[in-house]
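Shown next, in structure tokens, is the structure this report addresses.
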Amino acid sequence: MEGEVYVINSGKGGVGKTTATANVGSALALRGHKVLLIDADIGLRNLDVVMGLENRIVYDLVQVIEEVCQPQQAMIRDKLTENLFLIPAAQTRDKTAVTGEQVKGLCEKLKPDFDYILIDSPAGIEQGFKNAMEAADKAIVVTTPDVAAIRDADRVIGFIEAAGLSKPELILNRVRPGMVRRGDMMTTEDVLDLLSVQLLGLVPEDEKMIVSANRGIPVVHDMKSRSGEAFRRVAARVEGEDVPMLKLEVRDGLFTWLKKMVGIKGAVGASA
């Protein structure tokens with residue numbers, strides 16, 4: 001049975017897309033699957049740093065595409081999980097160095113050897129994202145629950161659907177329950193109402209995720225981390241398991257509060 005190819009994207013940078021790719025891939029590998037991560041963010045290579053593999057790079061994705069080396073020569077085995085591999089991005093080239101057809105051809109060639117191939121796509125809707133999307137069977141969009149990130153995520157979701165992929169699933173990252181309770185951050189329900197997608201994962205803000213990224217050890221390896229637990233649940237859902245979302249104990253959020261305020265003002269205006 002051939003593996004599945006996922007493109008992981010975000011509407012804007014800085015929302016944790018690359019960290020999510022590293023952690024979902026690591027969690028799937030910890031569950032016994034053979035997983036390949038491909039960093040398609042050519043020119044802005046970061047996935048190798050998050051994985052702690054930057055010192056092991058010999059060849060990169062562009063060199064594989066240009067047949068300077070075989071794909072297996074560019075694959076770096078993860079230092080913690082033996083069935084997890086990375087093909088890093090080229091740091092000295094730009095996104096025009098490869099085409100979507102070439103990325104798709106590479107993934108088709110490698111699908112029989114892996115259970116899952118996760119492509120860390122460049123943020124936004126430029127050519128690098130389109131290249132990665134052309135190779136994918138399914139898509140995951142990562143966003144944080146702030147207005148700018150949600151707006152950009154909505155544009156990405158529209159592009160994914162227009163490309164004919166199945167409806168993308170959402171990882172809502174860096175949720176701060178305290179801010180949601182105070183009405184300073186959108187609730188999960190607010191976000192899902194706006195984006196009309198299936199929720200794949202709910203990941204709380206967690207200092208341990210920052211520490212793990214700096215150390216090059218994905219947070220899923222920390223059994224005491226709530227964000228690690230959230231990503232482990234994401235991996236279970238990718239496999240098709242029905243597992244509950246991490247409980248964050250939040251109430252009304254910013255959009256719910258605004259709706260209530262509009263309703264109150266409308267009532268006052270009507271009675272005047």
Side-chain angles (χ1 to χ4, degrees), residues 1-10 17-18 20-29 33-48 50-51 53 57-78 81 83-90 93-142 156 159-169 200 234-235 238-240:
M1 181 177 177
E2 289 190 341
E4 289 185 305
V5 180
Y6 280 80
V7 60
I8 301 181
N9 187 257
S10 61
K17 167 185 60 65
T18 295
T21 303
N23 278 286
V24 174
S26 296
L28 286 167
H33 295 289
K34 190 175 181 183
V35 181
L36 174 64
L37 307 180
I38 298 177
D39 190 346
D41 199 354
I42 298 169
L44 294 171
R45 186 171 72 201
N46 285 309
L47 187 54
D48 57 302
V50 174
M51 299 292 295
L53 301 174
I57 295 173
V58 178
Y59 296 107
D60 58 48
L61 175 62
V62 174
Q63 290 172 309
V64 172
I65 294 296
E66 293 179 344
E67 298 184 346
V68 173
C69 67
Q70 293 298 312
Q72 290 74 15
Q73 291 176 285
M75 290 180 195
I76 308 167
R77 188 187 295 270
D78 184 54
T81 315
N83 49 332
L84 177 63
F85 299 83
L86 166 69
I87 295 180
R93 305 287 291 272
D94 62 34
K95 295 173 179 61
T96 62
V98 302
T99 66
E101 185 177 344
Q102 288 171 325
V103 177
K104 181 177 181 179
L106 174 63
C107 289
E108 291 296 326
K109 182 178 180 180
L110 296 175
K111 268 176 150 184
D113 298 325
F114 291 91
D115 300 313
Y116 295 98
I117 298 175
L118 307 185
I119 304 175
D120 184 18
S121 160
I125 54 175
E126 303 302 327
Q127 187 59 45
F129 161 58
K130 294 173 184 176
N131 290 344
M133 187 171 60
E134 191 169 331
D137 302 310
K138 297 180 180 179
I140 296 171
V141 174
V142 181
V156 166
F159 269 82
I160 291 170
E161 292 176 336
L165 285 180
S166 58
K167 201 169 188 68
E169 295 181 292
L200 182 64
V234 169
V238 167
E239 283 193 69

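Residues that satisfy the side-chain contact (heavy atoms from CB on, under 4.5 Å) test with Ser10, not counting sequence neighbours, are Val15, Lys17, Ala123. Applying the side-chain contact (heavy atoms from CB on, under 4.5 Å) criterion to Glu239, with sequence neighbours excluded, gives Leu28, Arg31, His33, Tyr116.
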Between Met133 and Leu165, is the side chain to side chain contact (heavy atoms under 4.5 Å, CB included) condition met? List the steps. CA-CA 9 Å; Met133 187 171 60; Leu165 285 180; 3.7 Å; yes

Would you sort out whether Leu47 and Asp41 count as a side chain to side chain contact (heavy atoms under 4.5 Å, CB included), showing the intermediate values? CA-CA 9 Å; Leu47 187 54; Asp41 199 354; over 6 Å; no

Starting from the C-alpha separation in whole Å, work towards a yes-or-no answer on side chain to side chain contact (heavy atoms under 4.5 Å, CB included) for Leu53 and Phe85. CA-CA 10 Å; Leu53 301 174; Phe85 299 83; over 6 Å; no

Step-by-step side chain to side chain contact (heavy atoms under 4.5 Å, CB included) determination, Ile76 to Asp48: CA-CA 9 Å; Ile76 308 167; Asp48 57 302; 5.7 Å; no

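Pairing each heavy atom of Pro88 with each of Tyr59, the nearest pair is CG-O, 3.4 Å. Between Gly124 and Val156 the shortest heavy-atom distance is O-CG2, 4.0 Å. Summarising the geometry of Arg45 relative to Ala89, their closest heavy-atom pair is CD-O, 2.8 Å, with the distance given to 0.1 Å. Taking every heavy atom of both residues into account, Glu161 and Pro168 meet most closely at CG-CD, 4.1 Å. Between Ile160 and Ser166, the shortest heavy-atom contact is CG2-O, 4.3 Å.
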Check residues 62-70 and write down every donor-acceptor pair under 3.5 Å in which the side-chain atom is one partner and the other belongs to a residue at least two apart or another chain.
{"residue": "Gln63", "atom": "OE1", "partner": "Asp60", "partner atom": "N", "Å": "2.9"}
{"residue": "Glu66", "atom": "OE2", "partner": "Arg93", "partner atom": "NH1", "Å": "3.3"}
{"residue": "Glu66", "atom": "OE2", "partner": "Arg93", "partner atom": "NH2", "Å": "2.7"}

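Counting heavy atoms from C-beta on, the side chains of Asp120 and Leu37 never come closer than 4.5 Å. Put simply, the side chain of Cys107 reaches to within 4.5 Å of the side chain of Ile38, judged on heavy atoms. Counting heavy atoms from C-beta outward, Ser26 and Leu84 have side chains that approach closer than 4.5 Å. Looking at heavy atoms from C-beta onward, Asp39 lies out of side-chain contact with Met51 at the 4.5 angstrom threshold.
More than 12 non-hydrogen atoms from other residues, nucleotides or ligands lie less than 6.0 angstrom from CD of Gln73. For Lys109, the NZ atom is loosely surrounded, since the number of other residues' heavy atoms within 6.0 Å does not exceed 12. Within a 6.0 Å radius of NZ in Lys34, more than 12 heavy atoms belonging to other residues, nucleotides or ligands are found.
For Asp115 (side chain) and Val35 (main-chain N/O), no donor-acceptor pair under 3.5 Å exists by modelled atom type. Looking at Asn131, its side chain does come within 3.5 Å of a backbone N or O of Val98 through a donor-acceptor pair. When atom types are taken as modelled, the side chain of Asn9 and the backbone of Ile140 share no donor-acceptor pair closer than 3.5 angstrom.
A distance of 11.5 Å separates NZ in Lys130 from OG in Ser121, rounded to the nearest 0.5 Å. Between the OG1 atom in Thr99 and the CD atom in Gln127 there is a gap of 8.5 Å [rounded to 0.5 Å]. Atoms OH and CG, from Tyr6 and Asp137 in turn, are 8.5 Å apart once rounded to the nearest 0.5 Å. The structure places CG of Asn83 at 8.5 Å from CZ of Arg77, a figure rounded to the nearest 0.5 Å. Separation of atoms CZ (Phe129) and CD1 (Ile119) is listed at 11.0 Å; rounding is to 0.5 Å.
Among the candidates Thr21, Val7, Val238, the single residue satisfying the side chain to side chain contact (heavy atoms under 4.5 Å, CB included) test with Leu118 is Thr21.
Ion pairing between a basic and an acidic side chain is recognised when a charged N comes within 4.0 Å of a carboxylate O; Lys111 and Glu108 show such pairing.
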